[in-house]
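Step one of this worksheet: look at the structure below.
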Amino acid sequence: MAKRSARYKSRESIAASDDENVRPLFPGRSGWSPRESDARDRKYVKNIRAMSPGQQRLLNAIDERAVSLALGPAGTGKTYLAVAKAVEALEAGRVGRIVLSRPAVEAGESLGFLPGDLQDKLAPYLRPLYDALTERLGTKRLKALVAEGVIEVAPVAYMRGRTLNDCFVVIDEAQNCTYGQLKMLLTRLGWRSTMVLTGDPDQTDLLAGLSGLRDVAERLEKVPDIAVVRLGEADIVRHPLVAGMLTVL
C-alpha cells in the first residue's frame, strides 16, 4: 500500500512539472512585440503554425494561390515557412516533388576559388535551404529524397528552359535576381504546381537598380490570382534585438 501511494505521488509530481514546461504561444497578452523578451514556444512541431498575423496571411496565401510572393525583412520566417509548406505538401501527396532555387550571389564578399566538383562549389550558396529542409525532414531522410530526385536544390541559372509540373517551387533570396531572371522563373510554373518567391527588396546584394523583385511585386499585385504578402518588423521571429537593429540600420 505504501509503495502504491508513493507511486501515485511520483506521477503527480511528474505531471506538475510537465505543466510548468508548457508555455502558451502569446503568454498573457493579446499581441507580441519583437522588442519584448521572447517567451514564445520555439519547440519543433510537425504542423507549422503562424507566430504573427503576417505569417498567417502568408500561410493562407500559399494554401489558396498557385503563386505567392513573400516580401519582408530578415528574420520574418519567409524561407522557413515556404520550405515547411513544401514539405507538408509533399508528405500529403499534393505534389510529387520539391524544387528549391536561389541565385548564387555572394553577399558582399568574394569567396574566390572553391575546391571540389560543381555541387561542392554551389553548397555554400544553397546551405540555407538545406538547413530548413534538415530541420523539417532530418538529415537521413533528406539525403534519401535528394538522391531519389524527389527534392532538388539548384541555383537559378539551372532553371531556364524547364517546365515544373506537379511540384512545389520555392525561389529564395529573390531580391538578388534581376527582372529578367524573375520573369524567367515565374514562367517555369506548370500544371498542379505551387510557387513561392521570398526576398527582402531592401537587402539586395546586386548593384543598385539591378534587383527586379520590387518592380515584379508591384506589377503582380494587380493580378487577382497571385498573392503578394508584405511582412514587417512585428513578424520577426529571430532574436528580439533583430527588430531593434533593423529600425536603426
Side-chain angles (χ1 to χ4, degrees), residues 54 57-74 76-83 85-86 89-90 94-108 118 121-122 124-129 132-133 149 151-232:
R57 289 197 303 272
L58 176 57
L59 294 177
N60 293 340
I62 295 174
D63 288 335
E64 298 168 2
R65 309 292 176 88
V67 177
S68 302
L69 281 73
L71 279 63
T76 50
K78 304 181 299 293
T79 300
Y80 184 80
L81 290 178
V83 171
K85 293 298 286 185
L90 179 67
R94 296 194 297 271
V95 296
R97 59 198 177 107
I98 296 174
V99 177
L100 308 180
S101 182
R102 64 181 294 167
V105 177
E106 295 167 347
L118 183 61
K121 295 178 188 295
L122 292 173
Y125 300 103
L126 305 177
R127 187 71 254 170
L129 293 176
L133 284 170
I151 294 180
E152 176 186 354
V153 183
V156 166
Y158 286 12
M159 302 295 284
R160 184 172 293 280
R162 302 180 62 182
T163 300
L164 303 173
N165 293 320
D166 191 30
C167 63
F168 197 111
V169 186
V170 177
I171 309 298
D172 190 36
E173 297 292 326
Q175 77 274 4
N176 288 333
C177 293
T178 64
Y179 182 91
Q181 287 176 320
L182 290 175
K183 183 177 179 180
M184 178 272 293
L185 291 167
L186 287 163
T187 53
R188 300 306 96 201
L189 186 69
W191 294 101
R192 305 176 305 280
S193 292
T194 298
M195 179 178 289
V196 181
L197 278 73
T198 69
D200 179 5
D202 295 327
Q203 283 197 342
T204 178
D205 297 309
L206 300 178
L207 294 176
L210 288 182
S211 175
L213 181 59
R214 194 186 305 275
D215 191 12
V216 166
E218 291 175 356
R219 291 170 181 257
L220 292 182
E221 275 186 312
K222 303 173 185 177
V223 181
D225 295 329
I226 295 179
V228 178
V229 180
R230 300 182 184 276
L231 304 172

Check the pair V156, M184 against side chain to side chain contact (heavy atoms under 4.5 Å, CB included), reporting the backbone distance first and the verdict last.
-> CA-CA 10 Å; V156 166; M184 178 272 293; 4.1 Å; yes
Give, for atom CE of M159 and atom CG of L164, the distance between the pair rounded to the nearest 0.5 Å.
-> 4.5 Å
Any chance you could measure R65, atom CZ, to T194, atom OG1, to the nearest 0.5 Å?
-> 12.5 Å
Please assess F168 against I62 for the test side chain to side chain contact (heavy atoms under 4.5 Å, CB included), listing each intermediate value before the final yes or no.
-> CA-CA 10 Å; F168 197 111; I62 295 174; 3.8 Å; yes
Sub-3.5 Å donor-acceptor pair from the side chain of T178 to the main-chain atoms of L210, do we have one?
-> no
Value for NZ (K85) from CG (L58), rounded to nearest 0.5 Å, stands at 9.0 Å
R162 backbone acceptor or donor facing R188 side chain under 3.5 Å | yes
Is a donor on one side and an acceptor on the other found under 3.5 Å between the side chain of S101 and the backbone of I171?
-> no
Spatial distance of atom CD (E64) from atom CG (L59) [nearest 0.5 Å] = 10.5 Å
Check the pair K183, R219 against side chain to side chain contact (heavy atoms under 4.5 Å, CB included), reporting the backbone distance first and the verdict last.
-> CA-CA 11 Å; K183 183 177 179 180; R219 291 170 181 257; over 6 Å; no
List in chain and number order the residues that pass side-chain contact (heavy atoms from CB on, under 4.5 Å) with T198, two or more places apart in sequence or in another chain; answer none if no residue qualifies.
-> A70, K78, T79, A82, D172, V196
If every non-hydrogen atom of C177 is compared with every non-hydrogen atom of P103, which pair is closest and at what distance?
-> SG-CG, 3.9 Å
Where is the tightest heavy-atom contact between A86 and I98, given as atom of each residue plus distance?
-> O-CD1, 3.4 Å
Answer yes or no: is there a donor N or O on one side and an acceptor on the other, between the side chain of S211 and the main chain of Q175, under 3.5 Å?
-> yes
All side-chain contact (heavy atoms from CB on, under 4.5 Å) counterparts of Q203, not counting sequence neighbours | A74, D200, L246
Determine, stepwise, if the pair L197 / V216 fulfils side chain to side chain contact (heavy atoms under 4.5 Å, CB included).
-> CA-CA 11 Å; L197 278 73; V216 166; 5.5 Å; no
Between atom CD1 of I226 and atom CG of L186, what is the distance when rounded to the nearest 0.5 Å?
-> 7.0 Å
Point-to-point distance, once rounded to the nearest 0.5 Å, from CG of L182 to CG of D215 | 9.5 Å
Least distance between heavy atoms, W191 atom then N165 atom = N-OD1, 2.8 Å
Between N176 and D205, which heavy-atom pair has the shortest distance, and what is it?
-> OD1-N, 2.7 Å
Hey, are the side chains of R102 and P128 touching, using non-hydrogen atoms and a 4.5 Å cut-off?
-> yes
Closest heavy-atom pair and its distance - L71, A217 = CD2-CB, 3.7 Å
Any side-chain heavy-atom pair from D225 and V67 closer than 4.5 angstrom?
-> no
